[in-house]
Amino acid sequence: MSAEPSRDWNVFKQIFVDHWDGFKRVHARYNKRYYDSLVDKMLRCGNPEKMGYIEYRCLQCGEGKHLVSMSCKSSLCLRCAKVYVDNWVSQVSQMLHEGVIYRHIVLTVPALLRTTFYQNAHVLLSAFMRCGVKCLDDVFTRVSGHALQGGYIVVVQTHGRHGQYNPHLPIIATSGGWDRKASQWRHLDYIPYRLLRKKWQWYLLTMLRQRVRTPAINRLVDACYTRYREGFVTNVQKGDVPARYQSLARYLAKYVVSPPISLRRIDRYDGHRVTYHYRSHKSERVEQETVEVSTFIGRMVQHVFPKGFKRIRYYGVQATKTFATLKGLIQEALAQVKGIVKGAMKIIAPMTYRQRYQQSTGRDPLRCPHCQHEMGVWRIWHPTYGLIHDELKAIERGKYASQAPRVDPASEPGRTLWPASGGIPLSLPGLQ
Ligand SMILES: [Zn+2]
Ligand SMILES: [Zn+2]
């Protein structure tokens, strides 16, 4: 494994360089190529010689230069987490429909079940998401007295504030649902809390019993009914102002896709122990915790999802193409109960590398500091595929030689960076 410090080195990477090999030997579950590659990508991230880069140059004065290292997109990478949050906000905000009232609901798993959940995560995670949706449809149906199908954006989250395993489902749900029989949207003003708690308990425990068929699970399920007589904890966000959709998406993103422990929360690492801080839910204060380095690594990797797992899913009317048609009916129904619903939602476009850089430094990275002209792509280099684009070579071949239009069937199709087939999986943050 590559161990030498890069210019983007940090304490988080150092912890993995020092202890990953030892950790995976003790924890066989993580001794797999998949995890190795996530760690390896994370360690190389930010190092242009290892990850590949796009080099920008000022084609006007030749002085200005800017190097953009390609991102690794490893779910363990703290550098890439920020980009991921921005893209997520954009994705979710595009799925929220103007004029439709949504609520933020969180369905949780009680402490008694978390270990079992962790051990069976590969068979439970998808079923977990589906059973949250079934539960809400059932509650909506029960409350309205009509068979309803709501619309849901469901995310699965596995960590609590200090990195421990605490699976829960943050859901953005329509406030009401589609009554297929009556061809009518039925708006629900409230969700009865007691009913939701009990229903959630029943759906979750039934799902567990069906997916993990062991005598131990049956005992655990029975214990849960005895111990949690009021059902399982569910939180429903109060208020339903459409104008807040944007902030809802952003709030959710911070809460949902942020890394279990961010870099700025790591206070100390002495080679064996890690100290970090977090804001506690219980005390509402910042608390500090010191753990063995293996515990720390465990708290990070236990939240890595199975390969290819989709963490954001759309269900019910939200997932159908007909939602566009339904939207009109939903808005009409809402207008009848609430007066005109003003949609103040804007679609948030994902930020480009250039915008993110500008936002954090106040400087446009692609403007030449010497002559203020916009710089152009000079070279694109990838560790496996080598030089993908070389502007100098293109110039030597006569790219700018003649102003007269001419047709050359043998010429390259301009600046196509992507091969026509095969598809090199490159992420080119500067070109987005
Ligand atoms: Zn210049
Ligand atoms: Zn990265």
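Counting convention: from 1, in listed order, for ligands and their atoms alike.
Here Cys371 meets the criterion, with an N, O or S atom under 2.8 Å of the Zn ion (ligand 1). Using a cut-off of 2.8 Å, one finds that Cys368 contributes an N/O/S atom close to the Zn ion (ligand 1).
Taking the six-membered ring for Trp and the full ring otherwise, the centers of Tyr269 and Phe12 sit at least 6.0 Å from each other.
Between Arg57 and Glu55, at least one side-chain N (NZ, or NE/NH1/NH2) sits under 4.0 Å from a carboxylate O, which counts as a salt bridge.
Residues Gln14 and Asp18 bring a donor and an acceptor atom of their side chains to less than 3.5 Å of each other.
Here the angle at the Zn ion (ligand 2) defined by SG in Cys45 and SG in Cys77 stands at 110°, rounded to 10 degrees.
With values rounded to the nearest 0.5 angstrom, Gln288 atom CD is found 4.5 Å from Asp267 atom CG.
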